[in-house]
Structures are given as C-alpha cells and as structure tokens.
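Below: one structure, written as structure tokens.
Keep in mind it's a predicted model, so treat the numbers as computed, not measured. Convention: sequence-line order gives letters A, B, ...; per-chain numbering from 1. Heavy-atom basis, side chains included; hydrogens, waters and symmetry copies ignored.
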Number of protein chains: 2
Amino acid sequence: MAARKAPTTTRRKAAPARARGGAKGRASASVPDLFQVLRGRIASQAIAPGAKLRETELAAEFGVPRTRIRDALAALEQRGLVVREPNRGAVVTRLDLSQVFHIYDLREALEGLAARLATERMPPEHWQKDVALFKGPMKDLIAQGDLDTYIEQYELLRLRIIEAAANPVLAEMLDIIYEKTQVLIRRIIILPGRAEIGRGQHLATLEAMRRGDAAEAERLRREGLRTAKATLEKYQRYVL
Amino acid sequence: MAARKAPTTTRRKAAPARARGGAKGRASASVPDLFQVLRGRIASQAIAPGAKLRETELAAEFGVPRTRIRDALAALEQRGLVVREPNRGAVVTRLDLSQVFHIYDLREALEGLAARLATERMPPEHWQKDVALFKGPMKDLIAQGDLDTYIEQYELLRLRIIEAAANPVLAEMLDIIYEKTQVLIRRIIILPGRAEIGRGQHLATLEAMRRGDAAEAERLRREGLRTAKATLEKYQRYVL
DNA sequence: GTCAACAAAAGTGTCGGCACAAGTGTTGAC
DNA sequence: GTCAACACTTGTGCCGACACTTTTGTTGAC
C-alpha cells in the first residue's frame, strides 16, 4: 500500500483571516477533526512510521492556523502516535517488536473482558446472525482471498462486541491501541492458514456467546489472541 | 517526584507583572509539571470533584502564561480528569456509580495480567520479602488501624508488580485509572473487615507468585478484585 | 580534497492580545 | 415587591507574531 504523498491541493481561501462570520458553521477543520484525520493516515500507513510531521506544512495543507495543528499534534502525542523532541518536531512512532507482543498481552486481557461483558449483558440470541455470518459467508470470503472484506466485517463485529460490553473505560482503552492492532491484524492474517484458524476461533467464541456462557466466551477469546501472538512470534522475522 | 527534565534556560525578558507570590521566583513550571501538580491535587481530593478550574486563576497562581495552563488542562481532559464545556470552563469530573464498577472490571483484567506477567518474568524468590511483609507487619498495621501506612505499603507493592511485568502499555493503562483507584481503595478499605480480607487475598496471590505459579497468581488477583467489587456493590450507598 | 567555522534558513516554542459567550448585577416597569 | 430586559464583568476560544534552536549551505584555510 504505497502512500501517494497527498497532492490534495486543498485550495482553501487565501485569506484565513476572515470567514467565521455568520456564514458556514465550519469553514475550517477543528482540532478533533484534525486529530481524526491524522490518526487515520497513521493507522492506514498513509503516513509512514518515522516520517516527520511539519507543523507549517500541515497548517498550509488544512488551511488552519499553526497553533491548531499544534494542539492536534499534542493530542496525538498523548495517544502515543507521535513523539516530539524539543525543537526537533514530531515523528510518527514506529512500533518495535517488544511493543507488539506487549499489545497482544493487553488485547488478551481487554478483549477477553469485552467478550465476557458482552455475553452477560445481551440476550444469547443477539449473536445469532453473527454466528451465521462466521459459519458461512466469512468462510467463503477467506476462500476467495477477499481478506479486506473479511477484516472489514470482523471490525464491525468487534465494534458491536465493545458496544454490547457497555463499558466506556474499556472502550477507551481498546481505542487507544486500535491503530496498532489495525496494522498487526493485517500482517498476521496473511500468514499461511492463519485466517481460517482465526475464523474458527471467532466462531467458537460466538457460539459460546450465543449459549450465554460468558466465562467460556472470555476463555475462548483469550485463547484466540494467545495463538495469534504465538503465530506472530513464530513468523516474526517475516512480518515485522 | 517532579522529574523536571528540561533545563528551561530560556531567558525571559522583563517579567510581565513579575512572578506571582504563590510560588517563589524560580523558573516557571512546564506543561508536564503543571499536569502532574493538578493531577495530584485531583487524586488527593485537594480539588473537589465538580470544582471549576479557572484558567486565569491558575495562571496567576503558578506565574505562567494562560496558554500553558490551557495546554495542561487539555492533557487533563484527554485523561478524563476534567471535562470542558465550550465557554464554560473546565470542571473536575466526579466519578459516578456506573463508572466505578466499570473501573473494577478493568482492574480485574489489567491487574490480573500484571500479576501473571510479573510472576513469569521474575524468579520466585523475588517475592519472598513481600510475602513476609504481608504475613506479619501488614497484619499488625491493620490491627492498629494504621490504614494510611498500609495503603502506602500496598501501593509500593503494586508499583513493583507493574514494574516487574515490564509491559509499558499495560503500565500506561493502569496509570490512566490510577487516580480513580486511589479514591476507591480508600473508600473500600474502611468497610468492616475488608482490610483484613484484602490482606489475605494479597498474601495468597503473593504466595502463588513465590511458587512461580503465574496462572494461579492471575486467578487469585482477579478473584480479589471481584470480591472487592462485590463489597462495593453491597455497601455502595454508604461509601459513594 | 577535507574539514571546520560561519551564515542563512527552516521550524518549533512561547506569549500577549483580541473576539465572543456565559454569568451577574442593576434598573426600570408593572 | 416581583420580574424581565439590559449593560457589565468575567472567563474562555482563537490566533498572529516574535524568540530561540536546529539544520543546512557556503566559504575559507590547511
């Protein structure tokens, strides 16, 4: 996924001094907007790890004052997406080997908890269609090699589970490591046979959820993450 | 604990309105400094939940420009310690009932993981003196009603476990909910018999760690948090 | 030809000020 | 005496400008 350096000309009006009058409510991007955009670029690797983020450059691209970019960068730094050295600027953090495994340990604990809570708080039949999805269509997607759609669907399931868990603090923490997991999932899933193994584990977890067996759902989810981590350790020199 | 890193040699011109009286005329505090100070005040309840944090007021107290206070408040908001309503200012978030229980679910998953990792990465004898501490002296402290010292010692153990777990991402997440747990621990421990029960559970966990039984250590730690949560639910109308 | 010292440029750190919204006190009518 | 409208005060949102630091490019000596 080569990253075409944004030609996005964004020819905002030359004079940013005006605007803000009664006209449009949002002529320029707000700090949260900028945060989301930059976060997305980093998660999708549109901005490569190690790349420098120049404040002036970004300010020109988005047509906003530099201080606003600065605030967005501060938020990014808080999230650990970039590191800023004094007077040196902000660079996108590259995840090293050790951090990758640390994140998998975290996912095991957090997503296991999410599976348990979701099972406890939802009626078992709520997961019926998800079981069906993973039993049939998802298998076909893998067989056809359409991993992008598969990942997309899986992400939807993941979000539904988090929502069902109804724990904002948990959701926030999973959100913090979201970018990292995005990258890792795509690297692991291309390993030989891994996608199908993962699907089987998701299916088993979902069936436990449909039975209303929260403890078993948690155990299975954790087991799934653990094998994913093991796969990653085994093939680490190929994928990292 | 202030961990001031930056030399802050920036020669400042004629101080505008000179340094305020609140602090001495020493070099002005950096944004991380301000963050830590305000965080400490909130954690120790020196600033009550629901209190308004006025930017100009804080700027005057610390003798720093208001923008710097502003940055610190933004960091506090990111951490969820304050909420800022547009043009209304920042107020300290008061933790409501539901969030309290959510945090205990989180602690169960995270601290359980920490116990497991710590056990795996350290030689069993590393925990020898902690076992001894919880077997004797800590029991005496509780008997004497010196809960402050007990909590202090427990915090030290907690930090050692996190350090031994050697997972920065996990440490970061436990740090995020640190303030909240600080408050909650002090509210739970005063409940009848609770301190002694907690000590017994910590002791059991530590003995598993000394045996090198990581899985059992995780299970026991989680069980401990679960009973703490149950106690909280039982007495919630007294302590919240 | 190489290296070091110097100068220019680029980029970030910091700050003060202005604009606008919400809160508060006052005044007048009824 | 009560209430509503208005002006004032307080405090935050936002932004441009300047100071400082680092990097890059150039020139001169050895």
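- Across the protein-nucleic acid pair, A:R68 atom CZ and D:dG13 atom C1' stand 10 Å apart, rounded to whole Å.
- Straight-line distance from the CD1 atom of A:I69 to the P atom of C:dG13: 14 Å, rounded to whole Å.
- The pair A:R186-A:E152 fails the salt-bridge criterion, with no side-chain N (NZ, NE, NH1 or NH2) lying under 4.0 Å from an Asp/Glu carboxylate O.
- Atom CG of A:D71 and atom P of D:dC14 are 9 Å apart (whole Å).
- Checked for salt-bridge contact, A:R222 and A:E111 miss the test: no charged N lies under 4.0 Å from a carboxylate O.
- Closest-nucleotide positions on DNA chain D for A:T67 and A:P86 were compared, and the one nearer the 5' end corresponds to A:T67.
- One finds no side-chain N or O of A:R70 lying less than 4.0 angstrom from the OP1 or OP2 phosphate oxygen of C:dT12.
- Ion pairing of A:R41 with A:E61 is present here, as a side-chain N (NZ or NE/NH1/NH2) and a carboxylate O approach within less than 4.0 Å.
- Within the nucleic acid shown, B:L53 comes within 4.0 Å of sugar-phosphate atoms alone, with no base atom in reach, counting heavy atoms only.
- Atom CD of A:E155 sits in a crowded spot, with more than 12 heavy atoms from other residues, nucleotides or ligands closer than 6.0 Å.
- Between B:R66 and C:dC15 there is no side-chain N or O to OP1 or OP2 distance below 4.0 Å.
- Using a 4.0 Å heavy-atom criterion, one finds that A:R84 contacts the sugar-phosphate atoms exclusively.
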Exercise for review: Start with the C-alpha gap between B:Q36 and B:D33, add the side-chain angles, then the distance that decides, and say whether side-chain contact (heavy atoms from CB on, under 4.5 Å) holds.
Suggested key: CA-CA 5 Å; B:Q36 285 301 338; B:D33 291 340; 5.9 Å; no
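- Neither OP1 nor OP2 of C:dA21 sits under 4.0 Å from any side-chain N or O of B:R88.
- Atom CD in B:E55 sits roughly 12 Å away from atom C1' in D:dC14 (whole-Å rounding).
- The side-chain heavy atoms of B:R121 and B:R116, taken from C-beta on, include no pair separated by under 4.5 Å.
- Toward the 5′ end of DNA chain D lies the nearest nucleotide of B:E85, the other residue of the pair A:N87 and B:E85 mapping further downstream.
- For D:dT10, neither phosphate oxygen OP1 nor OP2 lies less than 4.0 angstrom from any side-chain nitrogen or oxygen of B:T56.
- The main-chain N or O of A:H102 is found under 3.5 Å from a side-chain atom of B:N167 such that the two form a donor-acceptor pair.
- In the helix from C:dG1-D:dC30 to C:dC30-D:dG1, the terminal helix axes, each the rotation mapping four pairs' C1' atoms onto the next four within five end pairs, subtend 0°, rounded to 10°.
- C:dT24 atom C1' lies 13 Å from atom CZ of B:R54, rounded to whole Å.
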